[in-house]
Amino acid sequence: MPDSTAIAHGAPDAAEHTHGEHPPYLRHHFNSVEQQADASNFAMWLFLLTEVMFFGGLFTAYLIYRNWYYAAFVAASHQLNVVWGTLNTLVLIISSFTMAMGVWCAETRRRRGLVLCLTLTLILGLGFLGIKTIEYSEKIEKHHVPGFHYSLQSFLDPDSDEAAKAAGDKPLPLDMARHTEIYFSLYFAMTGMHALHMIIGIGILGFMIFRARAGAYTSGHVTFVENFGLYWHFVDIIWIYLFALLYLISRHGT
Amino acid sequence: MSEPNEHAHHIVGPKVYVTILFALLLGTALTVGASFVDLGAWHLTSTLVIYWNPIVALVIACSKAILVVLYFMHVRYSTRLTMLTVGAGIFMFLALVGMTLSDYISRAWGQW
């Protein structure tokens, strides 16, 4: 019984002899690399489902309030700039594309291509946040951030407001005008949570670029890049809906 | 590289990604364009009116999301477990939103 001595010395010795037979990144509680990849892919999707439920609650709140206070939602959404919103949609879609290309580079073991794709994704992500900052600062200047300093002027007297005037808004009655604050609460909650996801994603991207330069993801083990790709694309999908629902309400002149 | 332990999964190539990118850009252009056109409404009854603008916006957004899920997120080439997981998530989301909305729609607001 030559094995018994190894067992007597403890688990590390007993496990050591198998390391030459499989890639170093295969954990011992999995049978194969494929099983390990499938399990982590499944886990990533389960995490994304919790994210769907989280954003789903916000979207449901949006739906209900939009139905109740439609006139307020139309007037408030006219305060958003469609050009910035469209530009941000394009930036995010292209960043999803560069991320997908990054996954392909990792799978086909192109280290420099992967670093380039991840860097482009990071730059586009920062560009998105930059545009978002411009939009937020416009809202702060106009006192459209919900709270004590919230201003109803753009909705009670639309002719005094450039964006409202351009959209041809009619003055809202006071009670309806006050409900624009609900729109902006949802706007900041939803785009803010989306931006937080982007910031987290950009942080992870920085870490991944650092590791990718050392060749960490181009030696056959692509799970981390792949799962991060899923996260990034998910954030893109959320924005696709946010853009359609927050920016494009009734732009056709009611 | 065909070691027995090598992960043998489908690799989606640049051609597919470029095609999807252009489809998504086209969808964005369509949805922005459509939002500036009054697409009218369908007056089913005096109280039930279906406006086409938000429906078109959502249909385009859903088409874009489906393209991203199927191709960028590789679900079309994934295991059945992944497909089932994604399907279960969408079903659960629609069920929860649907039940919430049915509650709001069917209550006698202001009549008690």
Side-chain angles (χ1 to χ4, degrees), chain A residues 21-23 26 32-34 36-38 41-42 45-46 48-49 52-53 56-57 59-60 63-64 66-68 82 85-86 89-90 93-94 96-97 99-101 103-104 107-109 220-223 226 229-230 232-234 236-238 240-241 243-245 247-254, chain B residues 1 3-14 16-18 20-22 24-25 27-29 31-32 34-39 51 53-54 56-58 60-62 64-66 68-69 71-75 78-79 81-82 85-86 88-90 92-94 96-97 100-101 104-105 109:
Chain A
E21 296 162 18
H22 65 77
L26 175 62
S32 63
V33 168
E34 193 164 333
Q36 176 174 285
D38 285 349
N41 181 259
F42 177 52
W45 272 104
L46 286 185
L48 291 184
L49 292 200
V52 169
M53 295 304 143
F59 278 111
T60 310
L63 261 177
I64 289 163
R66 178 192 159 132
N67 272 306
W68 280 356
V82 180
T86 308
T89 309
L90 298 181
I93 285 174
I94 295 168
S96 246
F97 167 74
M99 188 61 228
M101 288 301 293
V103 172
W104 176 74
E107 284 168 336
T108 52
R109 305 185 181 210
H221 188 40
V222 300
T223 307
E226 235 174 21
L230 291 180
W232 195 257
H233 299 314
F234 170 80
D236 182 31
I237 290 175
I238 294 293
I240 287 173
Y241 282 98
F243 175 58
L245 293 175
Y247 287 76
L248 301 179
I249 305 176
S250 177
R251 288 281 171 180
H252 46 85
T254 356
Chain B
M1 289 291 169
E3 298 158 37
N5 266 329
E6 201 72 12
H7 185 205
H9 76 312
H10 188 99
I11 294 178
V12 185
V16 175
Y17 289 146
V18 171
I20 299 302
L21 170 67
F22 280 103
L24 292 174
L25 294 179
T28 307
T31 194
V32 173
S35 73
F36 285 98
V37 181
D38 191 350
L39 298 171
Y51 293 95
N53 275 88
V56 167
L58 279 179
I60 295 173
C62 289
K64 286 163 80 183
I66 288 168
V68 173
V69 169
Y71 295 96
F72 280 3
M73 297 169 98
H74 306 156
V75 168
S78 292
T79 58
L81 175 66
T82 303
T85 310
V86 178
I90 294 169
M92 201 56 202
F93 170 71
L94 291 178
L96 288 174
V97 174
T100 310
L101 289 184
Y104 275 91
I105 289 166
W109 293 105

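Remember, predicted model here, so these are calculated numbers, not experimental data. Letters A, B, ... are given to chains in the order of the sequence lines, protein chains preceding strands, and every chain is numbered from 1.
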Trace of the side chain to side chain contact (heavy atoms under 4.5 Å, CB included) decision for Ile64(A) with Thr100(B): CA-CA 9 Å; Ile64(A) 289 163; Thr100(B) 310; 4.1 Å; yes
From CD (Glu226(A)) to CE (Met73(B)), nearest 0.5 Å: 11.5 Å
Asp38(A) versus Thr79(B), side-chain donor and acceptor atoms under 3.5 Å: no
Close side-chain approach of Tyr241(A) and Leu58(B), heavy atoms under 4.5 Å: yes
Side chain, backbone, both or neither of Ile11(B) within contact of chain A (heavy atoms, under 4.5 Å): both
Contact summary for Gly89(B) and Met53(A), nearest pair of heavy atoms: O-CE, 3.9 Å
Separation between CZ of Phe97(A) and OH of Tyr71(B), rounded to the nearest 0.5 Å: 16.0 Å
Distance (rounded to the nearest 0.5 Å) between Ile240(A) CD1 and Thr28(B) OG1: 7.0 Å
Option in Leu39(B), Thr85(B), Val12(B) with maximal non-hydrogen atom pairs under 4.5 Å from chain A: Thr85(B)
Part of Tyr104(B) within contact of chain A (heavy atom distance under 4.5 Å): side chain
Which of Val16(B), Ile20(B), Val18(B) touches chain A most, by non-hydrogen pairs under 4.5 Å: Val18(B)
Residue among Leu248(A), Thr60(A), Leu48(A), Val52(A) with most heavy-atom pairs under 4.5 Å to chain B: Leu248(A)
For Tyr247(A), ring-ring contact (aromatic ring centres under 6.0 Å, His included) partners two or more places apart: Trp239(A), Phe243(A)
Under the side chain to side chain donor-acceptor pair (under 3.5 Å) test, residues paired with Gln36(A) that sit two or more places apart: none
Option that, when pairs with chain A are counted at under 4.5 Å, heavy atom only, ranks first among Leu24(B), Asn53(B), Leu25(B): Asn53(B)
Which atoms of Trp68(A) approach chain B - backbone, side chain, both or neither, heavy atom under 4.5 Å: side chain
Spacing of CG belonging to Asp236(A) relative to CZ belonging to Phe72(B), to within rounding of 0.5 Å: 7.5 Å
Considering all heavy atoms, the nearest Tyr17(B)-Ala100(A) contact: CE1-O, 3.2 Å
Shortest non-hydrogen contact between Ser35(B) and Arg251(A), atoms and distance: O-CB, 3.3 Å
Spacing of CG belonging to Asn41(A) relative to CG belonging to Leu81(B), to within rounding of 0.5 Å: 8.0 Å
Nearest atoms (heavy-atom pairs only) where Ala244(A) meets Ala61(B): CB-CB, 4.3 Å
Residue Ile94(A) versus chain B: region with a heavy atom under 4.5 Å: both
Residue selection (most heavy-atom pairs with chain A, distance under 4.5 Å) from Ile60(B), Val68(B), Ile90(B): Val68(B)
Distance, nearest 0.5 Å, that separates CG of Asn67(A) from CG of Leu101(B): 7.5 Å
Stepwise side chain to side chain contact (heavy atoms under 4.5 Å, CB included) test for Val86(B) and Trp45(A): CA-CA 7 Å; Val86(B) 178; Trp45(A) 272 104; 3.5 Å; yes
Minimum heavy-atom distance between Glu107(A) and His74(B), given as atom pair plus value: OE2-CE1, 4.4 Å
Interface moiety of Ile237(A) toward chain B, non-hydrogen atoms closer than 4.5 Å: side chain
Interchain contact, Thr89(A) with chain B, by part (heavy-atom threshold 4.5 Å): side chain
